[in-house]
Amino acid sequence: DPMMMQERWFYAHPNQKVIAEQVETFGISKLLATILVARNIGNGVHEDIQDFITPPQSLVRDYTHLSQEKELQAAFKRVKQAIANKDSVLINGDPDADGISGTTVLVAGLRELGLDVHYDFPIRSKEGHGIQPRIIENATKLGCNLIISADCGSKDIETIEYATEQEIDVIITDHHVLGKTWPKALAMINPHTIKERNPMHSLSGSVVCLKFIIALFDYLNKEINESLFNFIIGI
């Protein structure tokens, strides 16, 4: 790939002794241990490394600092309204592994709540990333008046304005760093809405989706059934 050849690559040289120690201590493959050491996962703290390898359910279910409280409440209320009104919802996912996984989580979770959920992705070679005018138009054709993004949307000011003009509400779920100007979405579910540094800033987009679904079920006083929970955390 010519584009890849233009990139500047830096090769990590992780400590082989530490890698061997982690393989022995945690019973993991050399490849996984190499990644953990190269990325300094857990900073050498035994408990933190173990939590990364096998996160306790309490950590998986924790959504503290997922987003500003007002943003969470706005999103929860809109989804509750959608359930009551039997609205159709369209998920606009990012066309990469993170966005596709996040879309799957949102679709599974929202369908469990009884919503009619559709999904679409940008054509990466033609449209790139983010919320697309074509997908907004598709939402209109499908009769969807709510779009929820997965792993994108935090900087899509113009397309979200277009969605609003089409009388479609937009809830963003994303993990990318925010710009100075936020798009005028109904709600922004993004850990970076909280400026103080916290562990949520390191979440992937798909895990933001996961924690949003967990928080949503809590807000609605509904229990995520075991099969659904195991499915979405296994994605």
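All figures in this text were calculated on a predicted structure; none of them were measured in a lab.
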Looking only at heavy atoms, the pair that brings Pro183 and Gly153 closest together is CG-O, 3.5 Å
Transitively linked via ILVMFWY side-chain contacts under 4.5 Å: Ile100 with Ile147? no
Check: Asn190/His192 side-chain N/O donor and acceptor closer than 3.5 Å: no
Output, in order, the C-alpha distance, side-chain angles, deciding distance and verdict of side chain to side chain contact (heavy atoms under 4.5 Å, CB included) for Trp182 and Ile172. CA-CA 11 Å; Trp182 294 11; Ile172 295 168; over 6 Å; no
So, Glu112 and Asn225: side-chain donor and acceptor under 3.5 Å apart, yes or no? yes
Just do the side chain to side chain contact (heavy atoms under 4.5 Å, CB included) check on Ile160 and Ile131 with the steps written out, would you? CA-CA 7 Å; Ile160 289 175; Ile131 297 175; 3.9 Å; yes
Shared hydrophobic cluster for Ile189 and Val79 (ILVMFWY, side-chain gaps under 4.5 Å): yes
Does any N or O in the side chain of Asn198 come within less than 3.5 Å of the main-chain N or O of Met200, such that one atom is a donor and the other an acceptor? yes
Pairs meeting criterion side chain to side chain donor-acceptor pair (under 3.5 Å) with involvement of residues 49-59, two or more places apart: Gln57-Arg61
Establish whether Ile49 and Val23 are linked, either directly or via other cluster members, by ILVMFWY side-chain heavy-atom contacts under 4.5 Å. no
Is the closest basic N to carboxylate O distance between Asp87 and Arg78 below 4.0 Å? yes
Identify the heavy atoms of Pro95 and Pro122 that sit nearest to each other, and give their distance. CB-O, 3.6 Å
Among Ile214, Ile213, Leu220, whose side-chain contact (heavy atoms from CB on, under 4.5 Å) with Phe217 holds? Ile213
Side-chain donor/acceptor of Arg111 to backbone N/O of Val117, under 3.5 Å: yes
Does Asp120 reach the side chain of Arg134, with side-chain heavy atoms less than 4.5 Å apart? yes
For the pair Glu71 (side chain) and Met188 (backbone), establish whether a donor and an acceptor sit closer than 3.5 Å, ignoring hydrogens and angles. yes
From Asp169 CG over to Thr164 OG1, what is the distance, rounded to the nearest 0.5 angstrom? 7.5 Å
Tell me if a side-chain donor or acceptor on His129 pairs with a main-chain N or O of Arg124 at a distance below 3.5 Å. no
Would a hydrophobic clustering, with Ile, Leu, Val, Met, Phe, Trp and Tyr connected at side-chain separations under 4.5 Å, put Val89 with Ile136? no
Ring pair (Phe, Tyr, Trp, His ring centres under 6.0 Å): pairs with one or both residues in residues 38-74, sequence neighbours excluded: Phe26-His46
I'd like to know if the side chain of Thr173 and the backbone of Ser149 have a donor-acceptor N/O pair within less than 3.5 Å. yes
In Å, rounded to the nearest 0.5 Å, how long is the span from OG1 of Thr140 to CD1 of Ile135? 12.0 Å
My understanding is that only residues two or more places apart in sequence, or in another chain, count here; which of them pass side chain to side chain donor-acceptor pair (under 3.5 Å) with Asp156? none
Side chains of His175 and Asp151, donor plus acceptor under 3.5 Å: yes
Quick one: side chain to side chain contact (heavy atoms under 4.5 Å, CB included) partners of Glu165, sequence neighbours excluded? Glu161, Tyr162
Non-hydrogen atoms of Val37 and Pro14 that approach each other most closely: CG1-CB, 3.7 Å
Is it true that atom OH of Tyr119 has more than 12 heavy atoms of other residues, nucleotides or ligands lying nearer than 6.0 Å? no
Within the structure provided, determine whether Asn92 and Ile148 are in side-chain contact (heavy-atom separation under 4.5 Å). no
Partners of Thr64 by side chain to side chain donor-acceptor pair (under 3.5 Å), sequence neighbours excluded? Asp62
Looking only at side-chain N and O atoms, does Thr193 offer a donor or acceptor that is under 3.5 Å from a partner on Ser67? yes
Set of residues satisfying side chain to side chain donor-acceptor pair (under 3.5 Å) with respect to Thr25, sequence neighbours excluded: none
Flag the pair Leu106 / Phe212 as yes when at least one side-chain heavy-atom distance between them is below 4.5 Å, and no otherwise. yes
Counting neighbours of CD on Gln81 that are heavy atoms of other residues, nucleotides or ligands and sit closer than 6.0 Å, is the number greater than 12? yes
To the nearest 0.5 Å, atom CG of Leu146 lies from atom CG of Asn85 at 11.0 Å
So how far is it from Ile91 CD1 to Cys144 SG, rounded to the nearest 0.5 Å? 9.0 Å
Taking Asn40 for the side chain and Ala38 for the main chain, is one N or O donor matched with an acceptor at less than 3.5 Å? no
Treating Lys155 as the side-chain partner and Thr181 as the backbone partner, does any N or O pair qualify as donor plus acceptor under 3.5 Å? no
For residues Leu72 and Leu203: do they belong to one hydrophobic cluster (side chain heavy atoms under 4.5 Å, members Ile, Leu, Val, Met, Phe, Trp, Tyr)? yes
Within this structure, what is the CD-OG1 distance for the pair Gln16 and Thr34, rounded to the nearest 0.5 Å? 6.0 Å
Checking Asp98 against Ser206: is there a side-chain donor and acceptor pair closer than 3.5 Å? yes
Once rounded to the nearest 0.5 Å, what's the spacing between atom CG of Leu113 and atom CG of Leu216? 5.5 Å
His118 and Asp116 have their tightest heavy-atom pair at NE2-OD2, 3.3 Å
